[in-house]
Amino acid sequence: MHIPVLVEKVIEFLNPKENHIYVDATLGCGGYVREIFKKCPNCKIIGIDLDEEAIQFCNIYFKNFIQNDNLIIIKDNFINLKKILKNLNIEKINGGIIFDFGLSMLQIKSGRGFSFNDESLDMRIDPSTTKLTAEYILNNFSEQQLSEIFYKFGEERYSKLIAKKIVEYRKNKKITKAKELKEIVSNIIKKKKKKIFFPSNKEILEIKFTPATKVFQALRIFINNELENIEKGIDEAIDVLDKNAKIIAISYHSLEDRIVKNKFRERKDCKVITKKPITPDILEIKTNLSARSAKMRVAEKI
Ligand SMILES: C[S@@+](CC[C@H](N)C(=O)[O-])C[C@H]1O[C@@H](n2cnc3c(N)ncnc32)[C@H](O)[C@@H]1O
């Protein structure tokens, strides 16, 4: 099961109350929805996700809340938030809206190329919206195009070298497995380590990263148009928020976080509540490694 990141902080900021409507724009396995209902079983939540597997999982998991009309689950892109709410005859969201970018455990274990295992290189969140898979890109895009994707969407400093090695490799064999891509990159870059310092208890945590992490991230962002979606989604969310309602966004890399930070600053109709992003403490990272690079920002509609 997916462990929701910074869940206590999310609930603290949302402070769920009866007669309020909340939107979880990235429903996943419903970790935040579960906690909102624990605090306030009678409030109303709209849960959105683009991934059919997430929708199927939550339709079963939250069956009772759906039957009682407390939860409405919609398979759609969060960039269509205004349209989704219009179809539901909801004008404004008076509770709050959550975005939790990145991947759910369901996706990592889906065998669709989101992990480094021996699985197909698909990486589409919603296969019905695009034919472009990671396998197609890796075997057909030019060296220059690949290098640009790795640099732009993965901030990978070895982007040119990785692209060159991919093109050399595919002359002999088509790249079809996530594990294969991981190995091509691992032959070029050594295992990466990152040290995180926690001032509160003066502890340092050393985390190992698979060298191919940024290449996988870049392909996923490119295929699913993730950065553009975040920009549009946050704008839509701020537009539909009622006065004093909050928007919470949790990012997992600097490209996502920069968009959230700039959007919150740029919009004159919302006030930033978190001057600095909130990050998980050492205990949360030790129990849930997926939380290691999470950054949460909160703003309030004015
Ligand atoms: C990190 S997971 C969310 C996990 C969730 N908070 C939980 O606790 O289970 C992110 C989810 O966002 C979904 N997603 C990504 N881009 C989306 C988009 N543009 N519109 C709707 N859902 C999207 C993914 O399919 C994935 O299920």
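In each ligand, atom 1 is the first atom listed, and ligand 1 is the first ligand listed. We number each residue from 1, following the sequence as shown.
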Practice task
Could you tell me how the ring of F78 sits relative to the ring of F99: parallel (under 30°), tilted (30 to 60°) or perpendicular (over 60°)?
Solution key: perpendicular
Handout entry: Pair K286 + E203, salt bridge at N-O below 4.0 Å
Key = yes
Problem - ring-ring contact (aromatic ring centres under 6.0 Å, His included): pairs with one or both residues in residues 245-282, sequence neighbours excluded - result: none
Could you tell me, for ligand 1, which of its N or O atoms are under 3.5 Å from any protein N or O, listing the pairs and their distances rounded to 0.1 Å?
unit_1   : atom_1 : unit_2 : atom_2 : d
ligand 1 : 6 (N)  : D100   : OD2    : 2.8
ligand 1 : 8 (O)  : G31    : N      : 3.1
ligand 1 : 9 (O)  : C29    : N      : 2.8
ligand 1 : 9 (O)  : G30    : N      : 3.2
ligand 1 : 9 (O)  : G31    : N      : 3.3
ligand 1 : 19 (N) : N77    : OD1    : 2.8
ligand 1 : 20 (N) : F78    : N      : 2.9
ligand 1 : 22 (N) : L50    : N      : 3.3
ligand 1 : 25 (O) : D49    : OD1    : 2.7
ligand 1 : 25 (O) : Q107   : NE2    : 2.8
ligand 1 : 27 (O) : D49    : OD1    : 3.3
ligand 1 : 27 (O) : D49    : OD2    : 2.7

Problem - Expected output: side-chain E180 to main-chain T176 donor-acceptor under 3.5 Å - result: yes
Exercise for the section: In plain terms, say whether E236 and K232 are close enough for a salt bridge, that is, a side-chain N and a carboxylate O under 4.0 Å apart. Expected result: no
Practice task
Inspect the contact between K214 and E155 and indicate whether a charged nitrogen and a carboxylate oxygen are less than 4.0 angstrom apart.
Solution key: no
